[in-house]
Each structure stands twice: as C-alpha cells, then as structure tokens.
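Below: one structure, written as structure tokens.
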There are 2 protein chains.
Amino acid sequence: MARTVSDVIRVRYDTLTRAERQLADSLLENYPVSGLGSITAVAENAGVSTPTVARMVQKLGYKGYAEFQSHLHQELEATISNPIAKHDRWASNAPGTHILNRFADAITANLRDTLSELDTATFEAAATLLRDRERSIYFVGGRITGSLAEYFFTHMQVIRPKTTLLSNNSSAWPQHVLNMRAGDVLVIFDIRRYEQEMATLAEAAVAAGVVIVLFTDAWRSPVAAHARHVFEVRIEAPSAWDSSVVTLFVVEALIEAVQSATWEETRERMSVLEQLFERSRLFRRPGRNGRAG
Amino acid sequence: MARTVSDVIRVRYDTLTRAERQLADSLLENYPVSGLGSITAVAENAGVSTPTVARMVQKLGYKGYAEFQSHLHQELEATISNPIAKHDRWASNAPGTHILNRFADAITANLRDTLSELDTATFEAAATLLRDRERSIYFVGGRITGSLAEYFFTHMQVIRPKTTLLSNNSSAWPQHVLNMRAGDVLVIFDIRRYEQEMATLAEAAVAAGVVIVLFTDAWRSPVAAHARHVFEVRIEAPSAWDSSVVTLFVVEALIEAVQSATWEETRERMSVLEQLFERSRLFRRPGRNGRAG
DNA sequence: GTGAATCTGAAAAAATCTCTTCACTCCGCC
DNA sequence: GGCGGAGTGAAGAGATTTTTTCAGATTCAC
C-alpha cells in the first residue's frame with residue numbers, strides 16, 4: 001500500500017496524462033520542497049496550468065490541494081524532526097543541548113557536505129579497483145583511523161582474496177612494500193593530524209607501481225599528492241575529537257559496491273567461510289542469525 | 001549575524017511581546033514544519049490572532065508573511081535535500097539508484113530510529129560509569145564489531161587510565177576476567193550474529209561484580225540479560241552487510257560526553273601524551289595540525 | 001477525413017488568505 | 001481614580017488562491 005505522497009505519485013504514474021506527468025516529474029524533482037508553495041507556484045514551476053494541478057491531486061485521491069499539501073507537511077515533519085530534539089526544539093539549537101542532538105546535527109551536515117562534494121566517478125573507480133581480483137589490496141590507517149582500516153579489511157577479506165592489513169606500527173611497513181606489485185592497491189586512511197610516515201609509505205608504494213586510494217579530511221593529507229583516488233570526508237563534530245562516522249559511511253558503501261558487483265564469486269567464499277566457522281572451535285563460532293556480525 | 005529564521009526569532013526574542021512569544025514558541029516547537037501552513041493555520045496553532053503573526057514577521061524583518069515563508073522553504077530545501085539525489089530525485093527512491101543515495105537514506109533513518117528509542121538516562125548512566133576513574137574499563141567486540149571496540153578503546157585510553165582492549169580471540173578472555181574487580185566496567189559490542197562466547201564472558205564478568213554496557217541491535221544479543229545498560233542500535237543497510245555507522249555515532253557521542261565532563265584531568269594526560277609523541281620516534285610522530293587523528 | 005473522447009488551459013466564480021484598521025483591554029504611572 | 005501607551009484580536013477590505021466551468025486542441029479509432 002502506497003504511503004507517502006511520492007509513492008502515490010509513482011504508483012499512479014502510469015495513469016497520468018502528459019501535462020500531469022510533467023507536473024509529477026517537477027514535484028519529484030526536488031521532492032518534497034517543490035510541493036510546498038501555492039498551487040499557482042507549483043503549476044508555474046512545472047509549466048502547467050493550475051487546473052492541471054488541482055485535477056491531479058484529486059485524481060491521486062486527495063480531497064483538494066489543501067489536503068495534498070497537508071500530507072506533504074506531515075511527511076516533512078516525520079523526515080526532518082530529530083526525535084530527541086522534538087520534545088524540546090527550543091533548547092535544541094541553543095548551546096548546552098544534549099550531546100546526542102548536537103552530534104546528530106553535525107553528522108547530518110557532514111554527510112550532506114561530503115556527499116555533495118563526492119565525485120561518483122571516484123567512487124566507481126575505487127570500487128572497480130577493489131573488486132579486481134588480480135590486484136592485491138593493502139589497508140593502512142593511523143592511530144585513530146587504524147580501526148577504520150581494520151573494519152574495511154575485515155569485510156574485504158570475506159569478499160575477496162589477496163587482502164592485507166598493515167599494522168599501524170610503521171616499522172613493519174617496508175616489508176609489505178617489498179611484496180607489493182605494480183597494479184596493487186593501497187588504501188590509506190590519513191586524517192589530521194597527518195602522519196609523516198604515511199606520506200613516505202605512499203611515495204614508496206607509488207614508486208612500486210601501486211595505486212593509492214586515500215581517505216582524508218577537508219584539509220587533505222600530504223598523501224593526496226600520491227593518490228589516484230581521494231575521498232575527502234567531513235569530520236567536524238561538536239567534540240574535542242574528530243568524527244569518523246561519515247568516513248565509515250563511505251567505507252560501507254564501497255564494501256557494498258564491491259560485494260554486489262562480485263556476488264557470484266563472493267557467495268562461494270562466504271559459504272566456505274561459514275563451514276569453517278561451523279567446523280572449528282578455533283574460529284569464532286557463529287550465532288543463529290543470518291548475517292555476518 | 002543571524003541567518004536562519006529560527007536564529008532571527010531567538011535573537012529578537014527579548015523584544016517580543018507576550019502573544020508574540022507565544023507564537024514564537026509555537027513556531028520553534030516543531031520548527032520549521034509548524035511555519036509551513038497559512039498564516040491562519042499558524043495563528044490558530046499558536047493560539048493567537050492572525051494580525052499578531054503578520055505583525056511579528058514584519059517586526060522580524062520580513063516584508064510580509066509570504067517572504068517569511070519563502071525563507072522557511074529555502075531552509076527546508078537546504079536541510080533535507082540529499083545533494084546527490086537532488087539532480088535526479090525521481091530515480092533516487094526507486095530501486096537501482098546509486099548506492100551512496102540508498103545508503104544515505106538508510107543511515108539517516110537508522111539514526112532517527114535509534115535516537116528516538118535511545119533513553120538519555122541510559123546514555124548519561126553509561127557516560128558516568130565510563131568517566132569514573134576508580135573503575136577499570138574493558139572493551140570487547142566480535143569479528144566485525146571488534147574494530148568498533150578498538151576505536152572506542154583508542155579514544156578512552158587517551159582520556160583516562162585503566163582501559164583495556166580484549167582481543168577478539170576468546171581464548172584470551174579468561175585471564176582478563178581474572179583481573180576484573182567488582183565495579184569495573186565491561187563494554188561489549190555484540191551485533192547479530194551473536195557469539196556464544198560473548199554471553200559466557202558476560203556471565204562470568206557479572207559474577208565477578210562487573211557492570212556491563214552493551215551495544216547491540218534491535219534483535220538484542222543474549223548478553224542483554226546480563227547487561228546493566230543496553231544501547232539498541234539500528235543497523236539495517238541496503239547491503240549484504242549490516243551498518244555500523246550509527247553504532248559509531250553513539251560511541252563518539254559517549255566519548256565526547258566522557259571527555260567534556262573530565263576535561264581538566266584529561267588535558268594533562270593529553271599533553272603528556274603529546275610530549276611522548278614528540279620525543280620518540282618509536283611512537284607515531286604527529287603531523288602539524290591541532291587534533292589527534 | 002470525420003467524429004468522439006480526452007486533455008488542456010483561459011477565465012470566472014468561490015473560497016481563502018493576508019493585511020490593515022480600529023476599538024477594546026491591560027498595565028503602569030501620576 | 002484616571003490617564004496614556006502598548007498590546008491584542010474582531011472585523012472587513014483587498015489580494016490571492018483554489019476550484020469550477022467551458023471552449024479549443026489533441027489524439028485515436030474507424
């Protein structure tokens with residue numbers, strides 16, 4: 001059963017006429033803000049007449065334009081209201097609000113800013129590199145970001161062979177570089193404060209023909225000079241520490257992009273891994289639910 | 001300089017009259033959706049007359065109600081529009097959309113749902129436990145969530161003494177339990193699929209008088225039975241894997257809650273740590289910027 | 001090519017909204 | 001107590017919006 005206005009529009013899209021589709025497209029184009037103005041403004045914006053708007057909303061099952069718009073308002077409310085902030089919006093934007101609210105606001109803004117600056121071509125290119133089973137993939141992070149590198153590695157290790165996690169102790173890096181071949185991929189996490197050794201590592205790797213994918217912040221790590229693909233992530237938080245939430249977001253999206261494109265091959269790996277888990281108590285024993293956690 | 005409508009209202013709040021404040025409160029109560037209807041609806045909703053609304057918006061510097069509302073629309077647009085989705089909203093909610101969009105939608109929903117169900121008392125209680133320097137804090141996670149435990153640990157280690165990260169190899173856990181004292185805190189990450197050993201560990205720890213703080217998902221780990229404080233986090237993502245983004249969000253908020261409440265003590269630790277970094281190449285050498293990354 | 005059905009927008013009618021006027025109330029001050 | 005100023009909402013004028021009507025345009029079938 002269709003619930004949101006946009007759902008209703010999509011479900012009934014086939015039954016719409018030319019001018020109505022034009023209107024529907026306009027509404028969905030910048031949904032739901034585009035439907036917030038007067039019927040006149042909406043009509044003008046879509047390049048149709050006001051009767052067309054009035055007719056369509058009734059055709060969609062609303063009693064009139066007012067009811068249609070009221071539905072949009074309710075949707076907006078459900079979408080934007082921060083549930084904790086809700087019961088005390090007044091205080092919520094003032095200083096001294098609950099940390100969770102301030103964090104939620106900051107992270108939402110970070111996500112938005114990051115996505116708006118993120119080039120989908122970069123994303124696709126990185127995903128393509130990571131799903132290429134001919135290449136070995138190396139992961140490395142700093143003191144804080146090491147956990148992110150590990151998280152990424154843990155997933156990729158299940159999905160594909162030839163994955164290696166570099167410890168975040170730089171003394172062990174040279175041996176790894178020795179093993180790297182041209183075409184291999186080195187995924188580096190380098191958020192301020194940037195670590196000198198990281199740039200050195202990158203330089204050495206590039207000299208060996210390795211392709212570098214870098215996760216950094218808006219101030220850009222010096223590694224960027226050596227990287228082929230750079231993910232610039234927003235990390236500001238109302239905290240003494242930077243936030244890795246959005247970085248993790250991009251990592252997870254990449255994991256899924258790699259996974260879904262190579263599902264056939266991955267499935268086999270996962271089922272073998274599953275059996276190993278089941279068989280041996282030396283490995284972690286899985287619970288009953290259906291996913292890897 | 002005030003920018004958003006809500007800022008303007010707050011800045012001028014002192015200059016408002018009784019009925020106007022009543023209106024302002026109503027507007028901020030469910031900002032900005034409450035300001036989306038007609039001037040009549042807004043007035044009715046706030047329990048004031050329409051002239052009061054008309055007067056106030058002019059007093060706030062808008063030419064009329066129309067201009068006032070148009071500002072709200074612009075704010076809403078900036079707030080809700082997913083920048084990538086924006087240029088192709090139509091496709092954005094349909095299956096087959098870019099992974100980044102689908103992830104962004106899912107994570108936003110997860111964050112909202114998690115926050116709405118999260119008890120701030122639980123949050124405060126957990127933060128209070130973690131900032132108590134008399135207690136030792138232990139962190140443990142599973143195969144995937146181990147990285148989150150490590151991330152949490154890495155920060156807490158800087159902030160306070162007596163923090164320990166348990167490896168995610170369960171064979172090493174018994175020795176750790178041996179060291180735990182009554183009142184110590186064990187932070188457990190257990191997301192589906194739940195690991196049997198985790199519940200065993202929790203049970204043993206509780207028997208030793210340890211307080212357990214648990215991060216789990218909506219299906220609740222069996223550890224929940226032993227935990228004093230449970231964070232139930234949404235993990236659904238349009239992926240074969242679960243999302244840890246919101247879990248990390250809560251962790252970061254907790255870190256800040258602990259950090260800010262004990263800043264005086266933490267500062268000293270951080271500056272000592274800083275000197276250690278500077279002094280020895282055996283440790284990671286920091287970059288030039290002002291934060292720990 | 002003709003006719004019927006459908007679609008569309010101009011225009012007018014009806015409804016609603018925005019804004020202004022104005023009288024009343026409230027409160028402090030003399 | 002009465003005066004003056006500020007605040008408030010009822011009422012209505014004017015503007016705008018929403019809805020309906022209707023005639024021309026378009027499409028499709030035959």
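Convention: sequence-line order gives letters A, B, ...; per-chain numbering from 1.
Side-chain contact of B/W241 with A/Q259: a donor-acceptor pair under 3.5 Å is present, judged by distance alone. Side-chain N/O atoms of B/S49 and B/T52 include a donor and acceptor closer than 3.5 Å.
Considering only side-chain N and O atoms, B/S38 lies under 4.0 angstrom from the phosphate OP1 or OP2 of C/dC17. For B/T17 and D/dA6, the shortest distance from a side-chain N or O to OP1 or OP2 is not below 4.0 Å. One finds no side-chain N or O of A/Q22 lying less than 4.0 angstrom from the OP1 or OP2 phosphate oxygen of C/dT8. Regarding contacts with the backbone of D/dG9, a side-chain N or O of B/T52 is found under 4.0 angstrom from either OP1 or OP2. At the phosphate of C/dC19, neither OP1 nor OP2 sits under 4.0 Å from any side-chain N or O atom of B/Q58.
Atom-to-atom, CD of B/E20 to P of D/dG7 comes out at 7 Å; the value is rounded to the nearest Å. To the nearest angstrom, P of C/dC7 lies 15 Å from CG of A/L23. Rounding to whole angstrom units, CD1 of residue B/I39 and P of C/dA15 are separated by 22 Å. In this structure, the CZ atom of A/R21 is 11 Å from the P atom of C/dC7, given to the nearest Å. Computed from coordinates, the A/E67 CD to D/dT18 C1' distance equals 14 Å when rounded to whole Å. B/Y62 has its OH atom 16 Å from the P atom of C/dT18, to the nearest Å. Atom CE in B/M56 sits about 20 Å away from atom P in D/dA6, given to the nearest Å. For the pair A/E44 CD and C/dA10 P, the computed distance is 11 Å after rounding to whole Å.
Counting heavy atoms of neighbouring residues, nucleotides and ligands inside a 6.0 Å radius, atom CZ of A/R21 exceeds 12 of them.
Across all strands shown, A/R55 has heavy atoms under 4.0 Å from base atoms, whether or not it also approaches the sugar-phosphate.
Comparing D/dT8, C/dC19, D/dT18 by their closest approach to the side chain of B/A54 singles out C/dC19. Closest to the side chain of A/T40, out of C/dT20, D/dT17, D/dT20, is D/dT17.
Ion pair A/R234/A/E117 flagged as a salt bridge, since at least one NZ, NE, NH1 or NH2 atom sits closer than 4.0 Å to an Asp/Glu carboxylate oxygen.
Mapped onto DNA chain D by nearest heavy atom, B/V48 and A/K63 fall at different nucleotides, with B/V48 at the one closer to the 5' end.
Between the side chain of B/N110 and the backbone N or O of B/V246, no donor-acceptor pair lies under 3.5 Å.
The end-to-end axis angle of the helix from C/dG1-D/dC30 to C/dC30-D/dG1, rounded to 10 degrees and based on five pairs per end, is 20°.
Aromatic ring centres of A/F123 and B/H98 lie closer together than 6.0 Å.
Applying the salt bridge (Lys or Arg N to Asp or Glu O under 4.0 Å) test to residues at least two apart or on different chains, none of the pairs has a partner in residues 43-55 of chain A.
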